[in-house]
Visitor: 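The structure that follows is given in the form of structure tokens.
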Amino acid sequence: MRARWLAPVLIGAWVGAQAQTSVISTSVQHTAWGSPGDEALAAHWGLKPEEVRRYHDYMAVEGRYFYAHLDPVMVLGLIETDPDRRARYAEQYLDAERRRIEEQTRFANLAAEVQLKRFGLEKRVDFSKLRGVTPGYLEARAQRGEGETGEFSPVARRLAPAKASSVADAKPTPPSTAADPKPKPPAAPATPQAGDTIDLLVTPECTTVCYAKLAELLKIPEVRIHVYGRGFQNNHAFVAWLKNRPGDAASHAREESRLEPRRFDALMFDGMATSQPPVALLRRHGALVSQW
């Protein structure tokens, strides 16, 4: 009886010891420099062998429970105690993060361009009107002023044209539906005010006309100009286009604070004819006021 009772206990202890040995040997193999992938990891993240070893050692003991989702540079920066080395890790992380954001933004813009080329400007869809919406949801939205054209709707504030100056000037408009196109700005240009912004679309081929339009807009005081470049080979080409505009260095320096170059954003010019730049849109508090 005693032998039969001891057998399961001894077997269990032996299995536990084997599992513990496996864990320890795996950790030792994982933390030793020269493991498969260590050289590639060091080269990719710009780390030295001793930094890779330190990263593995920390992740094997504590980091795997809290920082398994973080990259090696951030982990090393978090556990570093020397201020100079920690600052270096911060610079490494920032450079890599900016590069990642640059690539993500570039791909998102490319996807938007492909979307427009393949499908054009598609009709908007209000998913709250599809089947399966909670009963009373639309009524609650309407009561809160959050309907499709509600006064307090962020989308309505961004897209709707400026209100008429008086009740007599106001014209009745048919109710909007999910299939309605995006509202267009009034035909008559509004008078710019301090704090307004103007979105200007330009292309590499548009020089004389676009430069003239930009000079015209720069004459408007206290208005910032967001210059959207479409079709430029890269950022350097876009910046060079801006620097090549007429004017001397002193005038360019004065205008720099009011100019903000940006990549082309199809949503900002949605509903506008953009085939023949320049296209200038006046915005006030984020809402489209008129085309300039």
Side-chain angles (χ1 to χ4, degrees), residues 44-45 69 71 73-74 91-127 153-161 178 180-185 196-211 213-214 217-218 223-245 255-292:
H44 179 83
W45 294 101
H69 61 293
D71 65 71
V73 174
M74 175 171 274
E91 291 179 359
Q92 276 185 267
Y93 175 80
L94 178 61
D95 291 341
E97 184 68 6
R98 289 178 64 87
R99 175 184 54 79
R100 286 189 289 267
I101 293 175
E102 180 83 12
E103 294 301 328
Q104 293 167 14
T105 306
R106 186 180 302 172
F107 184 78
N109 289 332
L110 177 60
E113 292 178 4
V114 173
Q115 159 80 12
L116 287 175
K117 289 179 181 178
R118 293 189 59 186
F119 306 106
L121 295 174
E122 296 182 301
K123 297 178 180 179
R124 293 173 298 174
V125 177
D126 188 349
F127 290 94
S153 169
V155 176
R157 287 200 303 269
R158 180 169 63 87
L159 301 180
D180 286 341
K182 183 175 294 185
K184 295 185 178 181
D196 289 352
T197 59
I198 295 180
D199 298 330
L200 176 64
L201 172 63
V202 300
T203 59
E205 299 79 15
C206 182
T207 54
T208 304
V209 180
C210 287
Y211 284 147
K213 188 66 174 181
L214 180 57
L217 298 176
L218 284 169
V223 171
R224 288 189 59 82
I225 302 171
H226 298 163
V227 186
Y228 287 86
R230 185 184 66 190
F232 288 88
Q233 187 174 9
N234 50 48
N235 293 340
H236 298 293
F238 185 23
V239 172
W241 185 94
L242 285 172
K243 290 184 177 180
N244 289 333
R245 69 184 186 275
E255 297 163 353
E256 287 297 328
S257 60
R258 298 178 55 203
L259 290 179
E260 185 174 327
R262 297 186 173 189
R263 281 196 181 90
F264 175 66
D265 187 343
L267 292 178
M268 299 302 293
F269 296 88
D270 191 11
M272 303 293 111
T274 60
S275 58
Q276 295 182 347
V279 178
L281 305 178
L282 178 66
R283 298 184 189 275
R284 183 167 300 150
H285 304 301
L288 181 59
V289 176
S290 66
Q291 185 168 352
W292 256 72

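Just so it is clear, the values below take in all heavy atoms, side chains as well, and ignore hydrogens, waters and symmetry mates.
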Visitor: Taking atom CG of D199 and atom CG of D265, what is their separation to the nearest 0.5 Å?
Guide: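 The CG atom of D199 sits 9.0 Å away from the CG atom of D265.
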
Visitor: Taking the side chain as C-beta and beyond, is there a heavy-atom pair between L288 and L281 under 4.5 Å?
Guide: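 L288 vs L281: side chains touch.
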
Visitor: Determine whether more than 12 heavy atoms belonging to other residues, nucleotides or ligands lie under 6.0 Å from atom CD of E103.
Guide: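 Enclosed: over 12 neighbouring heavy atoms sit under 6.0 Å from CD of E103.
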
Visitor: Got a sec, which residues hit side chain to side chain contact (heavy atoms under 4.5 Å, CB included) with R262, two or more places apart in sequence or on another chain?
Guide: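 For R262 the side chain to side chain contact (heavy atoms under 4.5 Å, CB included) partners, ignoring immediate neighbours, are H226, Y228, E260.
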
Visitor: Please check this pair: side chain of E205 against backbone of G231, looking for a donor-acceptor N/O pair closer than 3.5 Å.
Guide: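 Between the backbone of G231 and the side chain of E205 there is no qualifying donor-acceptor contact (under 3.5 Å).
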
Visitor: Return the set of residues passing salt bridge (charged side-chain N to carboxylate O under 4.0 Å, His left out) with E256 (not counting sequence neighbours), or none when no residue passes.
Guide: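 By the salt bridge (charged side-chain N to carboxylate O under 4.0 Å, His left out) rule, E256 matches no residue at all.
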
Visitor: What is the minimum heavy-atom distance between F269 and T274, and which atoms define it?
Guide: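 Where F269 meets T274 most closely, the heavy atoms are CB-CG2, 3.8 Å.
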
Visitor: Measure the shortest side-chain to side-chain distance between L259 and L218 over non-hydrogen atoms and say whether it is less than 4.5 angstrom.
Guide: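 They are in side-chain contact.
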
Visitor: With a 4.5 Å heavy-atom cut-off, do I198 and R224 have their side chains touching?
Guide: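 When only atoms from C-beta onward are counted, R224 and I198 do not touch, as no gap falls below 4.5 Å.
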
Visitor: Given side-chain contact (heavy atoms from CB on, under 4.5 Å), test K213 with L200 step by step and report yes or no.
Guide: CA-CA 9 Å; K213 188 66 174 181; L200 176 64; 4.0 Å; yes

Visitor: Do the non-hydrogen side-chain atoms of P278 and L201 ever get within less than 4.5 Å of each other?
Guide: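 A side-chain contact under 4.5 Å is absent here.
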
Visitor: Quick check: do V227 and V202 have side-chain heavy atoms less than 4.5 Å from each other?
Guide: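 Answer yes - side chains close enough.
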
Visitor: Looking at residues at least two apart in the chain, or sitting in another chain, which of them share a side chain to side chain contact (heavy atoms under 4.5 Å, CB included) with P204?
Guide: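 Counting only residues at least two positions away or on another chain, P204 forms a side chain to side chain contact (heavy atoms under 4.5 Å, CB included) with F232.
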
Visitor: Taking side-chain hydrogen bond (donor to acceptor under 3.5 Å, both in side chains) as the test, write out the residues that go with Q115, two or more places apart.
Guide: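 Once residues adjacent in sequence are excluded, the partners of Q115 under the side-chain hydrogen bond (donor to acceptor under 3.5 Å, both in side chains) criterion are E122.
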
Visitor: D196: what forms a side-chain hydrogen bond (donor to acceptor under 3.5 Å, both in side chains) with it, not counting sequence neighbours?
Guide: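 Checked D196 against side-chain hydrogen bond (donor to acceptor under 3.5 Å, both in side chains); matches are R284.
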
Visitor: Got a sec, which pairs hit side chain to side chain donor-acceptor pair (under 3.5 Å) with one end in residues 235-245, sequence neighbours left out?
Guide: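 Residue pairs passing side chain to side chain donor-acceptor pair (under 3.5 Å), neighbours aside: R245-E255.
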
Visitor: Just to verify, what does E113 make a side-chain hydrogen bond (donor to acceptor under 3.5 Å, both in side chains) with, not counting sequence neighbours?
Guide: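 In terms of side-chain hydrogen bond (donor to acceptor under 3.5 Å, both in side chains), with neighbours along the sequence ignored, E113 is linked to no residue.
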
Visitor: So, using side chain to side chain contact (heavy atoms under 4.5 Å, CB included) as the criterion, who are the partners of A266 when residues are at least two apart?
Guide: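 A266 satisfies side chain to side chain contact (heavy atoms under 4.5 Å, CB included) with L116, F264 only.
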
Visitor: For A96, which residues count as a side chain to side chain contact (heavy atoms under 4.5 Å, CB included) partner, sequence neighbours excluded?
Guide: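 With sequence neighbours excluded, A96 shows a side chain to side chain contact (heavy atoms under 4.5 Å, CB included) to R99, R100, given in chain and number order.
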
Visitor: With sequence neighbours left out, write down each residue that passes side-chain hydrogen bond (donor to acceptor under 3.5 Å, both in side chains) with R263, or none if nothing qualifies.
Guide: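 Residues passing side-chain hydrogen bond (donor to acceptor under 3.5 Å, both in side chains) with R263: E102.
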
Visitor: Between R258 and I225 (side chain of the first, backbone of the second, donor and acceptor by atom type, cut-off under 3.5 Å), is there such a pair?
Guide: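 Looks like no, no N/O pair under 3.5 Å.
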
Visitor: Quick check: do V279 and W292 have side-chain heavy atoms less than 4.5 Å from each other?
Guide: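 The answer is no; the side chains never approach within 4.5 Å.
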
Visitor: For residues P277 and C206, report the shortest heavy-atom separation together with the two atoms involved.
Guide: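 The pair with the smallest heavy-atom distance is O-SG, 3.8 Å.
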
